[in-house]
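Everything below concerns the one structure shown next.
The figures here come from the full heavy-atom set of this structure, side chains too, leaving out hydrogens, waters and symmetry mates. Since the model is a prediction, treat every value here as computed from it, not as a measurement. By convention in this document, chain letters (A, B, ...) are assigned in the order of the sequence lines, proteins followed by strands, and residues within each chain are numbered from 1.
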Amino acid sequence: MSYDEETSRVQKLKRLKEMNLDPYFQFFKPNSSASDIKDRFSTLSPGDHISSVDIRLAGRVVLIRDFGGSIFFHIQDQTGKIQCFIERKLSEEKIKFFRDFIDTGDILGVRGDVFRTKKGEITIYVRDFVILSKCLRSLPEKWHGLKDVELRYRKRYVDLFMNQEVREIFHKKSKIISHIRDFLSKKGFLEVETPILQYVPSGAFARPFKTYHNELEMSLFLRIAPELYLKKLVVGGFEKVFEIGRNFRNEGLSAYHNPEFTMLELYQAYSNYEDLMMMTETLMYELAQLVNGEPYIKDPETQEKISVDIPFRRVSICEEVAKLLEVDKEDLKDIEILKRKLGGKIDFTGKDWGAVVLEVFEKYIASGLRSPTFVVDFPVSTSPLAKRKSSDPDYVERFELYILGIEVANAFSELNDPEDQRKRFEELMRKREMREIFEDVDWDFIAALEYGMPPTAGEGIGIDRLTMILLGLNSIKEVILFPTLKPE
RNA sequence: GGGUCAGUAGCUUAGUUGGUAGAGCGGUGGACUCUUAAUCCACAGGUCGCGGGUUCGAAUCCCGCCUGACCCA
């Protein structure tokens, strides 16, 4: 900001205070909004003036056009912008006061009535106004707005009041979350909250954030997933539970990764992953309909429209990988064959065949799955909390949903055999890397399973990614109000 | 972690053989009573991301760093 503009605005504030009109001590109760007024007076003809109403509207001044004897200005509130008009004919004093003290960016309360201009715009005829907050900084350009991506994220509040389409993104994100809540409550799900501070991180493979509790003199971890706690609730008798909350993963940032992100996790007893696939399809279809008005989403890379019509395609991860490597599906279990086929393309250290198959899938196949696709049949070693397939115990009943090449959901029939679960935990703890990251596992979860968990299916859906995909945006930062950035 | 690109006034930006940094919006002062990115006149506003180097001279060339975007791992 130029020094001149700053001092000019600060001077105005100082003079207001001297006149006993300190904006920070003014109060004003609006009785209307920009969109209300436009709706209510939509039938006015150009030139018509309704003076029998007492409109009170408050918001930010976003544009001023000064004609000397009259001034047009625009006020923006939560519902949009509306034009206001003040003229000398009404009061020489008021128009002078406006000219002397009002800048774009100020928060104003206006009182008056309504007319439609000769050119046809519904306008508030301002009879009085009060300054409710002074804007001491100069605003971005009125035409181009705030475009600089970094500035938009760092000064999100400016981004929000300058860019309507950004406000819309967050309105839609809120609608998406509300719809999910509705959708699940109607099905009898109970919304719950489980610990974010956990003794041991669990429920996913990810590096955790570690913190410390002073009184208890112990380390705690910010959760990487709520999974085990939610399943303990199923043991407790809540047959359908879900949680929408923040997870924290201490890993790299990318267009699809923010260190903290919002996750929906749901668990449904007496169900399996097939049931969840059907439920997920329906939910996705409804959400696209809700935010886009049609069962389509837009691919931000190609601008192509992509249908979310039911049913979604299903592919088997092992069949896809076997096809890619030109081997028989059974050969995938032979790490020597994998090594021969993949020579050099993948680092095999510390990996079993399952981990390799998963990596091949993620590296070479996943990004090509643009239309909604359920990927099924994960190797058991990659899914330590999932139930084995009865037809082939080397695989589990699990799916991931890919849309636009991005993983949106991950679900499985939950492993409820405490003995198998214990073995898989022990297997994990044998891996040095796992011990280093997780330190231990939640053995109480085994105890819970020993009390008996009904057959249950569970799913996690990344709400930020989901929003990004539904709205055709190319970065998760666009759907997180304050994305993680390094300080300037 | 590696690579590519970007950072110039409050904002949006121009700036190539290296030669005093230019505009629009916004601001200040003035004119103007129906504008729609209002218009017209005048003026002010710059550590060219930061730090080094090369050079008579650097926004521009070189090195390092910071921040961001994209790609790769």
Side-chain angles (χ1 to χ4, degrees), chain A residues 1-12 38 44-49 60-76 80-92 94-96 98-106 114-126 134-159 161-164 207 251-258 300-301 344-347 349 359-360 362-364 366-367 405 473-478 483-488:
Chain A
M1 172 192 315
S2 77
Y3 181 69
D4 281 347
E5 182 166 2
E6 185 181 27
T7 41
S8 154
R9 286 170 182 257
V10 170
Q11 281 309 312
K12 287 174 186 173
K38 286 183 194 165
L44 285 188
S45 301
D48 285 359
H49 192 142
R60 192 181 293 277
V61 176
V62 289
L63 183 76
I64 299 173
R65 281 190 285 263
D66 185 348
F67 287 84
S70 69
I71 301 169
F72 288 92
F73 59 99
H74 288 189
I75 282 195
Q76 174 175 284
K81 293 176 197 170
I82 189 158
Q83 180 166 265
C84 302
F85 177 74
I86 185 165
E87 60 179 347
R88 182 185 287 155
K89 200 165 73 185
L90 178 82
S91 159
E92 183 82 35
K94 286 198 165 76
I95 204 157
K96 184 175 186 319
F98 190 100
R99 186 167 297 122
D100 287 348
F101 291 101
I102 305 299
D103 296 296
T104 51
D106 293 354
V114 178
F115 71 110
R116 193 189 280 276
T117 63
K118 289 169 193 164
K119 295 281 171 63
E121 184 155 348
I122 301 280
T123 302
I124 297 180
Y125 186 86
V126 177
K134 189 79 194 130
C135 177
L136 299 176
R137 302 233 181 182
S138 97
L139 260 46
E141 217 234 10
K142 67 180 169 188
W143 187 240
H144 298 93
L146 186 65
K147 287 277 169 281
D148 184 277
V149 194
E150 191 178 344
L151 256 186
R152 284 185 44 232
Y153 298 153
R154 289 192 193 282
K155 300 245 178 286
R156 182 67 97 177
Y157 41 92
V158 179
D159 187 29
F161 68 66
M162 289 305 296
N163 298 318
Q164 200 207 331
R207 220 166 278 275
E251 303 196 330
L253 285 71
S254 83
Y256 313 130
H257 297 86
N258 197 62
E301 274 177 31
K345 285 182 185 160
I346 278 180
D347 178 13
T349 46
E359 190 169 331
V360 170
E362 287 175 350
K363 200 167 168 182
Y364 299 107
S367 69
L473 299 165
N474 58 16
S475 170
I476 200 166
K477 291 191 172 70
E478 292 293 339
T484 305
L485 297 173
K486 284 197 185 181
E488 280 174 290

What contact category does [X] fall into here, base, sugar-phosphate, or nothing, at under 4.0 angstrom with non-hydrogen atoms?
| X | result |
| --- | --- |
| A/Lys486 | sugar-phosphate |
| A/Tyr125 | nothing |
| A/Lys12 | sugar-phosphate |
| A/Leu63 | sugar-phosphate |
| A/Gly252 | nothing |
| A/Arg154 | sugar-phosphate |
| A/Asp66 | base |

- Item | More than 12 heavy atoms of other groups within 6.0 Å of A/Arg156 CZ |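 It does: A/Arg156 CZ has more than 12 such atoms within range.
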
- Would you say A/Lys81 has more than 12 foreign heavy atoms packed within less than 6.0 Å of its NZ?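 Check fails, neighbour count at 12 or below.
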
Please measure how far the [atom1] atom in [N] lies from the corresponding atom in [M], and state the result in whole Å.
| N | M | atom1 | value |
| --- | --- | --- | --- |
| B/rG51 | B/rG7 | C1' | 16 Å |
| B/rG22 | B/rA59 | P | 13 Å |
| B/rC56 | B/rU13 | P | 37 Å |
| B/rC72 | B/rC11 | P | 32 Å |
| B/rC25 | B/rA37 | C1' | 9 Å |
| B/rU55 | B/rC71 | P | 41 Å |
| B/rG30 | B/rC34 | C1' | 22 Å |
| B/rC61 | B/rG46 | P | 25 Å |

Taking any strand in view, what nucleotide pairs with [N] in a Watson-Crick or G-U wobble way, both distances under 3.5 Å?
| N | answer |
| --- | --- |
| B/rA6 | B/rU67 |
| B/rC48 | none |
| B/rA42 | B/rU28 |
| B/rU60 | none |
| B/rG1 | B/rC72 |

What's the closest nucleotide to the [X] side chain, out of [options]?
| X | options | value |
| --- | --- | --- |
| A/Glu141 | B/rA38, B/rC25, B/rC70 | B/rC25 |
| A/Leu146 | B/rC11, B/rU33, B/rU36 | B/rC11 |
| A/Asp148 | B/rU12, B/rA69, B/rG68 | B/rU12 |
| A/His74 | B/rU33, B/rU36, B/rU12 | B/rU36 |
| A/Lys89 | B/rU67, B/rU12, B/rU33 | B/rU33 |
| A/Lys142 | B/rU33, B/rA38, B/rA69 | B/rA38 |

- Message: Check A/Glu92 with A/Lys96, please: is the shortest side-chain N to carboxylate O separation under 4.0 Å?
- Response: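 So A/Lys96 does not pair with A/Glu92 through a salt bridge.
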
- Task: For A/Arg65, enumerate each residue passing the side-chain contact (heavy atoms from CB on, under 4.5 Å) test, keeping only those at least two apart in sequence or located in another chain.
- Result: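 Here the qualifying residues are A/Leu63, A/Phe67, A/Phe72, A/His74, A/Gln83.
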
Verify the contact: side-chain N or O of [X] to OP1 or OP2 of [N], cut-off strictly under 4.0 Å; return yes or no.
| X | N | result |
| --- | --- | --- |
| A/Lys155 | B/rC11 | no |
| A/Ser8 | B/rU28 | yes |
| A/Lys81 | B/rA37 | no |

Length of the line joining [X]:[atom1] and [N]:[atom2], which is rounded to integer Å:
| X | N | atom1 | atom2 | value |
| --- | --- | --- | --- | --- |
| A/Ile86 | B/rU33 | CD1 | C1' | 13 Å |
| A/Ile122 | B/rU36 | CD1 | P | 18 Å |
| A/Asp103 | B/rG29 | CG | P | 10 Å |
| A/Asp347 | B/rA73 | CG | P | 13 Å |
| A/Arg152 | B/rC11 | CZ | P | 15 Å |
| A/Ile64 | B/rA37 | CD1 | P | 16 Å |
| A/Phe85 | B/rC32 | CZ | C1' | 13 Å |
| A/Lys147 | B/rA6 | NZ | P | 21 Å |

- Query: Going from CD1 on A/Ile86 to OG1 on A/Thr123, what distance comes out if it is rounded to the nearest 0.5 angstrom?
  - Reply: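 One finds 13.5 Å between CD1 of A/Ile86 and OG1 of A/Thr123.
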
- Query: Which heavy atom in A/Lys12 sits nearest to a heavy atom in A/Asp103, and how many Å separate them?
  - Reply: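 Between these two residues, the closest heavy atoms are NZ-OD1, 2.6 Å.
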
- Item | Toward the 5' end of RNA chain B, by each residue's nearest nucleotide, A/Phe72 or A/Leu139 |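 By nearest-heavy-atom nucleotide position, the 5'-most residue is A/Leu139.
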
- Comparing A/Arg65 and A/Arg99 on RNA chain B - which has the more 5′ nearest nucleotide: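 On the 5' side of the pair lies A/Arg99.
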
- Exercise: do A/Glu478 and A/Tyr153 side chains pair donor with acceptor under 3.5 Å: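 A pair is found: one side chain offers a donor N or O, the other an acceptor, under 3.5 Å apart.
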
- Message: Would A/Val126 and A/Phe73 count as a side chain to side chain contact (heavy atoms under 4.5 Å, CB included) here? Give the steps.
- Response: CA-CA 10 Å; A/Val126 177; A/Phe73 59 99; 3.8 Å; yes

